[in-house]
Protein chains: 2
Amino acid sequence: MSAQEERAPRKDARINRDRILETARELIEKEPDISLNAIAKAAGVGPGTLYRHFPNREALVLALYQHEIDNLVGLASSLLLRNPPLEAMRLWMERLAKYGRMKRGVANLLHAAITNDIHNSSYSQMVGAIEALLGAVHADASITGADLLLLLGFLWRLPPGPDGKARGERLLAFTLDGLASQA
Amino acid sequence: MSAQEERAPRKDARINRDRILETARELIEKEPDISLNAIAKAAGVGPGTLYRHFPNREALVLALYQHEIDNLVGLASSLLLRNPPLEAMRLWMERLAKYGRMKRGVANLLHAAITNDIHNSSYSQMVGAIEALLGAVHADASITGADLLLLLGFLWRLPPGPDGKARGERLLAFTLDGLASQA
DNA sequence: TGGTCAAGCGGAGAACTCTCCGCATAAGTA
DNA sequence: TACTTATGCGGAGAGTTCTCCGCTTGACCA
């Protein structure tokens with residue numbers, strides 16, 4: 001039972017958090033490898049404050065891209081409304097691939113979300129979206145949503161450039177064929 | 001043309017390299033996250049020396065496991081001699097999975113070899129082994145050896161424990177089904 | 001409005017990775 | 001053997017990640 005009452009955060013804490021995020025967005029855009037200390041300084045807070053809000057670089061980047069993850073998650077259900085299941089799956093994966101290619105940030109953050117902290121909410125959202133797609137394709141899949149997300153990890157480890165794109169497309173086609181043949 | 005004569009390394013350099021490797025093998029066994037400085041100190045060399053021989057942690061771990069990579073590469077051809085292609089492929093992948101599970105080192109190092117340095121010899125050896133297996137399964141595969149190695153990356157990103165093992169087995173079966181249905 | 005106290009802050013500092021460069025020395029040369 | 005030189009060595013130190021803890025302050029209550 002014991003529903004632990006999470007007291008709302010203090011206002012200054014919220015302000016600091018927002019300032020850090022805003023500053024980080026600008027600085028990381030310019031220079032992806034900028035140090036967290038430098039971000040803290042630019043945001044006008046101490047390093048301790050930054051690290052309290054975001055325990056490591058990945059957590060910070062994750063927060064930066066939370067919005068885009070939300071989009072991706074929402075996309076799954078809307079694709080399912082308008083398309084046959086396999087087609088929805090294909091379209092969704094292509095969008096995922098696009099994120100993986102464009103923003104290496106999304107890439108690493110998803111990997112981090114997957115590996116570091118299994119109770120991470122972004123991770124469960126993503127798994128949920130995939131489960132929905134997978135369930136539409138066939139009710140009793142041999143692999144789970146989490147399995148598939150892990151498998152799709154290749155999308156954010158592709159080398160940059162047209163070569164990487166081609167490899168991503170081949171592997172995606174391979175994966176979809178596998179899913180289709182199970183249906 | 002210009003075949004640049006690589007002069008043989010100095011004897012003391014070779015000795016130091018070996019001492020570092022030997023020390024690293026012992027220390028990393030006990031404590032995987034031990035600092036490179038600590039390894040250098042234990043090996044009786046300065047940090048600079050360690051970093052000259054191995055530019056970063058991954059390069060060092062890669063050197064430690066070079067022997068096991070050689071084994072894996074050799075295994076591919078001997079499996080092909082004794083088994084039908086698909087079975088050889090299956091057995092080889094299972095061995096790969098075992099390495100991935102047992103030694104997280106092999107894991108990360110392979111990832112590093114794949115992503116960082118495309119001209120890395122361990123990487124090309126592995127791709128070669130996979131090409132051989134793939135070629136035996138079907139002459140005109142839609143995916144390349146490098147593609148498949150990238151796909152198999154899930155093997156060294158599995159969570160530890162029985163849960164991870166089960167997931168690995170499911171994904172491996174999925175992958176093999178896909179390869180088989182292309183044959 | 002003043003008092004209480006937990007939430008939150010900042011920065012000193014520990015530990016680490018990796019680089020740079022002056023010095024030592026192994027390996028060729030005469 | 002004595003000389004030369006470029007290969008390799010070591011460690012100081014710059015830059016980074018992340019932690020710890022004493023101090024500050026916002027939020028709630030009387």
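Letters go in sequence order (proteins before strands), and every chain restarts at 1. Note that these values count all heavy atoms, side chains included, but never hydrogens, waters or copies made by symmetry.
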Practice task
Tell me which nucleotide among C:dG10, D:dT17, D:dG26 gets nearest to the side chain of A:Asp12.
Solution key: D:dG26
Handout entry: Expected output: side-chain B:Asp147 to main-chain B:Thr144 donor-acceptor under 3.5 Å
Key = yes
Problem - Atom-pair distance (CZ on A:Arg14; C1' on C:dC9), nearest Å - result: 17 Å
Practice task
Choose from C:dC9, C:dC18, C:dT17 the nucleotide whose nearest atom is closest to any side-chain atom of B:Asn56.
Solution key: C:dC18
Exercise for the section: Indicate whether OP1 or OP2 belonging to C:dC9 is found under 4.0 Å from a side-chain N or O atom of A:His53. Expected result: yes
Handout entry: 5′-ward residue of the pair A:Arg52/A:Asn37 relative to DNA chain D
Key = A:Asn37
Exercise for the section: Kindly point out which of D:dT17, C:dC9, D:dG8 is positioned nearest to the side chain of B:Pro9? Expected result: D:dG8
Practice task
Using modelled atom types only, decide if a donor and an acceptor are shared between the side chain of B:Arg167 and the backbone of A:Ala146 within a distance under 3.5 Å.
Solution key: yes
Problem - Interatomic distance, A:Asp33 CG vs D:dT17 P [rounded to whole Å] - result: 10 Å
Handout entry: Under 3.5 Å donor-acceptor, B:Arg170 side chain and A:Ile143 backbone
Key = no
Exercise for the section: Would you indicate which nucleotide in C:dC9, C:dT17, D:dG10 comes nearest to any side-chain atom of A:Asn16? Expected result: C:dC9
Handout entry: Pairing of A:Arg25 and A:Glu29 as salt bridge, 4.0 angstrom limit
Key = no
Exercise for the section: Kindly say if A:Arg10 contacts the phosphate of C:dA6, meaning a side-chain N or O under 4.0 Å from OP1 or OP2. Expected result: no
Practice task
Could you work out which one of C:dC18, C:dC16, C:dG8 sits closest to the side chain of B:Ser35?
Solution key: C:dC16
